[in-house]
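Only one structure is covered here, and it is reproduced in the block below.
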Amino acid sequence: MTEKYEGVAIGIDLGTTYSCVGVWQEQNDRVEIIHNDQGNRTTPSCVAFTNSQRLIGDAAKNQAATNPSNTIFDVKRLIGRKYSDSIVQMDRLLWPFKVISGANNKPTIIVKYMGKEKRFVAEEISSVILSKMREIAEAFLESPVKNAVITVPAYFNDSQRRATKDAGEIAGLNVMRIINEPTAAALAYGLQKRANFVDKRNIFIFDLGGGTFDVSILTVKDNNYEVKATAGDTHLGGEDFDNRMLTHFVKKFKKKNNEDISRNPKALRRLRTACERAKRTLSYDTEATIELDAIYKGIDFSSSITRAKFEEMNMNLFEKCMETVNSCLADAKMEKNSVDDVVLVGGSSRIPKVRQLLQEFFQGKELCNSINPDEAVAYGAAIQAVLHSESVKSVPNLVLRDVTPLSLGVSIRGDIMSVVIPRNTSIPVKRTNEYVTTEDDQSTVLIKVYEGERLKDSDNNLLGLFSLSLPLAPRGHPHKVCFTIDADGILNVSAVEETSGNKNEITITNEKGRLSRGQIERMIQEAENFKAQDMKFKKKVEARNALDDYLYKVRKVMKNDSTSSKLTPVDKEKINSAMTKGKSLIGDSQQEDTFVFVDFLKELESIFESAMNKINKGDSDEKSDSDS
Ligand code: AMP
């Protein structure tokens with residue numbers, strides 16, 4: 001039974017590079033993908049900090065080249081990971097912003113905001129992006145939004161899912177459900193093609209985005225969506241292709257000019273943006289050029305790249321994608337010719353070579369292009385959201401069964417991982433295994449929980465550990481370990497010892513640097529403070545603009561001789577000196593207080609209007625004199 005919630009519910013695709021939000025529109029019986037304040041249907045997953053304000057989305061991305069060390073992107077690559085993770089260590093070198101190891105080995109981003117150093121964890125930055133997506137929806141719907149479904153790559157592990165859910169909570173959202181991106185895309189595809197799904201169909205979703213790669217195979221029949229298998233890489237996508245091109249051009253620049261631009265964040269940022277643009281061009285053209293004026297030490301950079309070269313430099317990554325496609329089919333125990341539809345999702349699925357390799361893999365099968373690869377995931381998330389909405393009546397009657405992407409188990413004798421829930425098991429699920437003590441009179445047993453596919457426990461990912469007290473007994477004494485995965489794919493583990501009716505139960509807690517309740521509460525508070533600061537800044541800008549507009553109006557009147565010549569010398573002097581003061585206020589970048597602008601505008605209005613009234617009165621007196 002699907003849990004229902006009151007109020008509007010939105011679907012958010014929280015992407016590595018772009019995010020997208022959708023909502024079910026009952027009157028049209030379909031999902032509306034909502035455009036942001038810039039008119040764009042996707043919003044850069046980017047947050048920037050400056051001396052005066054915080055910027056989110058397009059505004060943050062647009063100033064990235066001039067403020068690289070305080071412009072944060074790619075946090076999806078950090079979320080739920082440890083600082084010591086080799087992936088974090090690799091990425092860190094390519095980012096222009098600073099990442100250090102914080103408490104609990106949590107990656108911590110350092111920026112300068114309003115002249116002071118500020119530290120953020122990935123959940124906080126993601127929460128800022130989620131808040132922005134919520135605001136976009138609220139502006140469109142003209143009503144507050146509380147409930148959301150957020151998508152994650154199918155291959156996200158337990159800690160990455162929990163961290164994403166925490167980010168939603170910090171953003172003040174009620175995260176009704178976390179669903180897998182390819183599953184969401186399949187829902188979107190299914191809904192658009194619903195007439196065709198009376199017979200069973202096998203749908204293969206190929207989702208290659210900015211930072212992650214996901215594939216899933218689903219069987220759909222009569223509105224029942226059952227995920228058969230899922231595979232992928234949480235660290236493979238468009239940005240890796242950009243990075244390859246970036247490295248290529250850095251080398252080219254060095255060869256040509258004997259200068260290394262890789263240590264200059266500003267130059268690197270500009271080159272990276274140009275590479276991304278060139279990559280997009282290569283999806284429809286066979287050659288792309290890069291032109292950057294004075295990129296480093298005043299040197300202009302102009303170069304070109306062919307599609308063939310781009311394909312060559314990324315070929316092993318493309319091939320890696322195809323290997324994953326193959327292993328997903330093997331997991332689903334399905335032949336490639338049993339696949340009815342191959343659906344393309346994610347911006348990087350537009351790359352012609354990727355399409356060609358995929359089509360060849362599926363023996364020349366036509367790939368489905370009917371859904372927008374940038375919007376399908378948010379579309380599906382919005383469908384899932386409406387399934388949880390109490391108020392909406394015209395809900396599509398869909399049933400969704402997802403799977404767990406990684407095997408889960410505990411460490412047993414010989415440092416072996418004993419699998420309790422194998423990967424690709426349908427969720428939600430509850431499984432209990434019995435284990436026995438290995439020594440006589442063992443008073444405790446340490447339960448170490450792992451996820452992964454390797455035999456040796458330490459080759460897998462340690463999720464957490466806890467101990468269970470046991471009564472003294474000869475070796476071989478039993479205890480039970482129970483794994484529960486909820487519909488969000490989030491795991492809980494408990495252990496129990498049952499002798500003489502005694503039970504001892506422990507639930508796994510956040511061992512992997514997950515935020516504590518107290519930390520989340522503090523971050524919610526901080527997010528509110530940031531919002532208040534953003535609001536304060538907006539109000540100040542509005543007040544300053546209002547003063548500036550009024551000064552412009554007064555200046556125009558003063559330039560008009562027929563009016564200004566009628567002013568008394570005292571009024572003229574008063575207006576001129578007020579204008580000088582107003583001009584200096586406008587130019588004062590240190591001025592923090594909104595009321596200074598508001599009050600001065602009132603003062604200026606009063607001076608100017610009283611002077612104008614005198615002129616108008618003089619004119620009308622003159623007029624009435626001449627009339628009489
Ligand atoms: P997504 O995460 O699905 O929003 O995908 C974003 C990624 O798709 C970014 O790395 C983009 O550079 C990439 N992308 C978007 N359009 C194209 C295109 N026409 N050709 C190649 N890559 C693209």
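As the structure lists them, so they are numbered: ligands from 1, and atoms in each ligand from 1.
- Separation of the Phe213 and Tyr155 ring centroids does not fall under the 6.0 Å cut-off.
- Defined by atom type and a distance below 3.5 Å, a donor-acceptor pair is missing between the side-chain atoms of Asn180 and Asp214.
- In this structure Asp300 satisfies the side chain to side chain contact (heavy atoms under 4.5 Å, CB included) test together with Asp293, Ala294, sequence neighbours excluded.
- Those atoms of ligand 1 that come under 4.0 Å of a heavy atom in Gly238, given as number and element, are 10 (O).
- Residue contacts with ligand 1 include Ile351, since one of its heavy atoms falls under 4.0 Å from the ligand.
- For ligand 1 and Gly210, the ligand atoms under 4.0 Å from any heavy atom of the residue are 1 (P), 2 (O), 5 (O), 6 (C), 7 (C), 9 (C), 10 (O).
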Cut-off 3.5 Å, no hydrogens considered: what does the side-chain donor-acceptor table look like for residues 15-23, sequence neighbours left out?
unit_1, atom_1, unit_2, atom_2, d
Tyr18, OH, Lys61, NZ, 3.0
Ser19, OG, Gly15, N, 3.3
Ser19, OG, Ser45, OG, 2.9

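- Taking only nitrogen or oxygen atoms, main chain and side chain alike, Ser348 reaches within less than 3.5 Å of ligand 1.
- Side-chain N/O atoms of Asn264 and Arg270 include no donor and acceptor closer than 3.5 Å.
- Ring centroids of Phe120 and Phe49 are separated by less than 6.0 Å, placing the two rings close together.
- In this structure, Asp85 does not pair ionically with Arg77, as no charged nitrogen and carboxylate oxygen lie closer than 4.0 Å.
- Interface of Gly209 with ligand 1, defined as ligand atoms under 4.0 Å from a residue heavy atom, comprises 1 (P), 2 (O), 3 (O), 5 (O), 7 (C).
- Considering backbone and side-chain atoms alike, Gly347 places an N or O below 3.5 Å from some N or O of ligand 1.
- Protein heavy atom closest to atom 4 (O) of ligand 1, with residue, atom name and distance, is Tyr18 CB, 3.9 Å.
- In this structure, the protein non-hydrogen atom closest to atom 20 (N) of ligand 1 is Ser283 OG, 2.6 Å.
- If you check each of Lys279, Glu276, Arg280 against atom 10 (O) of ligand 1, the one with the closest non-hydrogen atom is Lys279.
- Shortest contact from atom 6 (C) of ligand 1 to any protein heavy atom: Thr17 OG1, 3.4 Å.
- Of all protein heavy atoms, the one lying nearest to atom 16 (N) of ligand 1 is Arg350 NH1, 3.2 Å.
- Relative ring orientation between Tyr113 and Phe530 is described as tilted, the plane-to-plane angle lying within the 30° to 60° band.
- Within ligand 1, counting atoms from 1 as listed, the ones closer than 4.0 Å to a heavy atom of Gly346 are 3 (O).
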